[in-house]
Amino acid sequence: MVGCSRGGGGLPAWMTAAAARVDLSSAGGGGGIPGSGASSSSSSQPGYSGPHQQAGAAGAAADQELGMAERALSAAGAAFVSAIIVNPLDVAKTRLQAQAAGVPYYQPSQMASLGPDAILSDFRCSPSCTRGVIMGSEPVCPPDCFQYKGTLDVFLKVVRQEGFGRLWRGTNAGLALAVPTVGIYLPCYDLFRNWIEDFTQSNAPGLTPYAPLVAGSVARSLACIACSPIELARTRMQAYKEFRPGVKPPGMWKTLLGVLSPLASSTQNAQNYRALWMGVGAQLARDVPFSAICWSTLEPFRRKLLVVVGEEGDAASVLGANFAAGFVAGSLAAGATCPLDVAKTRRQIEKDTQKAMRMTTRQTLADIWSSGGMKGLFTGVGPRVARAGPSVGIVISFYEVVKYALHQRHIS
């Protein structure tokens, strides 16, 4: 297995580098991405033992030898795997939030203008539905059968009404988003954290534990701004349902063109492209605190788990420790930032482009509170937490494995 190379009989060298950077038991802060510590002199860290010191030095050397392209490839591969696995939960979360914002998931019947065929196409029911009423030759449902009541209900109704493949609606945009986002985010986090830690250790040692928080916030901001149009497309693709039978829903590029088309008659062409960054303020307000909470939680928890794994832990147990730390940190961060995610979704699904560009995150949160209270602010928290936990765990674990494989290839 890839993790069987050890430094001085301790934990696998490639998974213990971060443990060499900051003594979390005394500092109360965090290090960096699991296994990605770089340039500290680990012998000077309090509470650090010999075998782990050798392992940390080997892992740190491995991390230093990886360039920006190799880090980005590692992160992009991790994001690719994660995006495919958790996309159904993302669809469920977006549908619940969009429904709370007033997006209908059935077309109101218009008997006078469309006739009975439209009724059947709008309200066609599953044969297994006990509430279906026979109209003509087809069983049809009342409108509330198309209202989502929870995560599992979204899964069942999407599969029943739109097909199993619709649970992966927006996966292409998700992959187009995840690869560059994480490809920017994790490598920049690595580099910023290493630079901040090296600087603070020499000039202000008391600030060193805060390096992950600052580095994570800055790296996430860069990634969000760069990839916000793709996030806009994915949110709209997942939120809206195609009612016309046999018509393929619009893809990522058509969705983005649909955002710009209402502004085509305007003479301010350069400013019109700002519409592609609708909701970027809410996205930053969500993702920057998410990163700060996630990394500040992940690092100390991961270190404690690695201590539990002990000197004889194999690669599987060390990977499990990284996954568990990522799972817990991602879940906590997702729950804490859910109101900002609801605000982001509501801004990005607004059909009136001019209105959406005038909306602010504070105003959107106030509107959500006035209409739905605390429940409205935490709409979709279940699938959001269920998605973020495994997603962070997968990304962290896979990122380290790919970095190790690239390092081994580099030295050979």
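Residue numbers count from 1 along this sequence.
A donor-acceptor distance shorter than 3.5 angstrom exists from the side chain of Y240 to the backbone of I349, with no hydrogens or angles considered. Between the side chain of R236 and the backbone N or O of E350 there is at least one donor-acceptor pair closer than 3.5 Å. Judged purely by atom type and a 3.5 angstrom limit, N322 has no side-chain atom pairing as donor or acceptor with the backbone of R302. A donor-acceptor pair under 3.5 Å is formed between the side chain of T361 and the backbone N or O of A282. For the pair D352 (side chain) and K355 (backbone), a donor-acceptor distance under 3.5 Å is present. A donor-acceptor contact shorter than 3.5 Å is absent between the side chain of Q99 and the backbone of Q147. Using a distance-only test at 3.5 Å, with no hydrogens or angles considered, no donor-acceptor pair links the side chain of W168 to the main chain of P88. Between the S397 side chain and the I394 main chain, no donor and acceptor come within less than 3.5 Å of each other.
A distance of 13.0 Å separates OG1 in T255 from CZ in R234, rounded to the nearest 0.5 Å. For the atom pair R346 CZ and T235 OG1, the distance stands at 14.0 Å (nearest 0.5 Å). Taking SG from C224 and CG from D287, the interatomic distance works out to 3.5 Å, rounded to the nearest 0.5 Å. Here CZ of F327 is found 14.0 Å from CD1 of I396. Values are rounded to the nearest 0.5 Å. Between atom CG of residue N87 and atom CG of residue L89 there is a gap of 9.0 Å, rounded to the nearest 0.5 Å. The CG atom of L191 lies 9.0 Å from the CZ atom of R193; values are rounded to the nearest 0.5 Å.
Between R347 and E231, none of the side-chain N atoms (NZ, or NE/NH1/NH2) sits under 4.0 Å from a carboxylate O, so this pair counts as no salt bridge.
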Could you pull out every donor-acceptor pair under 3.5 Å between side chains of residues 380-390 and any protein atom, sequence neighbours left out?
{"from": "R384", "atom 1": "NE", "to": "A334", "atom 2": "O", "distance (Å)": "3.1"}
{"from": "R384", "atom 1": "NH2", "to": "T337", "atom 2": "OG1", "distance (Å)": "2.7"}
{"from": "R387", "atom 1": "NE", "to": "D90", "atom 2": "OD1", "distance (Å)": "3.2"}

For residues 363-370, run the donor-acceptor check on the side chains, cut-off 3.5 Å, and write out each pair with its distance to 0.1 Å, sequence neighbours left out.
{"from": "T364", "atom 1": "OG1", "to": "T360", "atom 2": "O", "distance (Å)": "2.8"}
{"from": "S370", "atom 1": "OG", "to": "A366", "atom 2": "O", "distance (Å)": "3.2"}
{"from": "S370", "atom 1": "OG", "to": "D367", "atom 2": "O", "distance (Å)": "2.8"}

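A donor atom on one side chain and an acceptor atom on the other are not found under 3.5 Å apart for T379 and K93.
Listed here is the closest heavy atom pair of S228 and Q283: OG-OE1, 3.4 Å.
The one candidate from V342, D341, T345 that meets the side-chain contact (heavy atoms from CB on, under 4.5 Å) condition with R286 is D341.
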Run the side chain to side chain contact (heavy atoms under 4.5 Å, CB included) check on F323 and V392 step by step: do they pass?
CA-CA 8 Å; F323 179 84; V392 174; over 6 Å; no
Stepwise, does the side chain to side chain contact (heavy atoms under 4.5 Å, CB included) test hold for R95 with K241?
CA-CA 9 Å; R95 289 282 177 102; K241 177 180 176 181; 4.3 Å; yes
Before giving the answer on side chain to side chain contact (heavy atoms under 4.5 Å, CB included), spell out for L213 and W295 the whole-Å C-alpha distance, their side-chain angles and the decisive distance to 0.1 Å.
CA-CA 6 Å; L213 187 150; W295 289 114; over 6 Å; no
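Relative orientation of the F199 and W195 rings is parallel, given thresholds of 30° and 60° on the angle between their planes.
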